Amino acid sequence: MKVTALIEDELIQDVMKISGAKNITEALRIVLKDYRSRKLLREYSNSIVAEPLEFKYGAQQIRDLNQK
């Protein structure tokens, strides 16, 4: 997909330097993938806070299972 975007040169140069990207396209891919990953991680984290995980076994029961 081709996109035309008005982004400050300084911001693009900073992103390229920080990410180690060789060109603008690579820098944008890196940044967008990172943003997506962070956003998904935050959503998963919030869902766990809303519905905490419940463990079926306690520490001793797991030790006993591991000994079998």
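Positions are given from 1 along the sequence. For clarity, every value in this text was computed on a predicted model and none was experimentally measured.
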message: In this structure, would V31 and I7 fall into the same cluster of hydrophobic residues linked by side-chain contacts under 4.5 Å?
response: yes

message: Applying side chain to side chain contact (heavy atoms under 4.5 Å, CB included), can you list everything that pairs with Q60, at least two apart in sequence or on another chain?
response: R63, D64

- request: Could you list the residues that satisfy side chain to side chain contact (heavy atoms under 4.5 Å, CB included) with Y57, not counting sequence neighbours?
  value: Q61, I62, L65

statement: Contacts of R38 meeting salt bridge (Lys or Arg N to Asp or Glu O under 4.0 Å) (sequence neighbours excluded), chain-then-number -> D34

field: Residue pairs, two or more places apart or on separate chains, that pass salt bridge (charged side-chain N to carboxylate O under 4.0 Å, His left out) and touch residues 41-51
entry: none

- prompt: Taking only residues at least two apart or on different chains, which pairs with a member in residues 20-33 satisfy salt bridge (charged side-chain N to carboxylate O under 4.0 Å, His left out)?
  reply: none

Name every donor-acceptor pair, under 3.5 Å, that has one atom in a side chain of residues 8-19 and the other anywhere in the protein, sequence neighbours excluded.
residue, atom, partner, partner atom, Å
S19, OG, V15, O, 2.7
S19, OG, A21, N, 3.3

task: Identify whether I24 and I30 are in the same connected component of the hydrophobic contact network (ILVMFWY, side-chain heavy atoms under 4.5 Å).
output: no

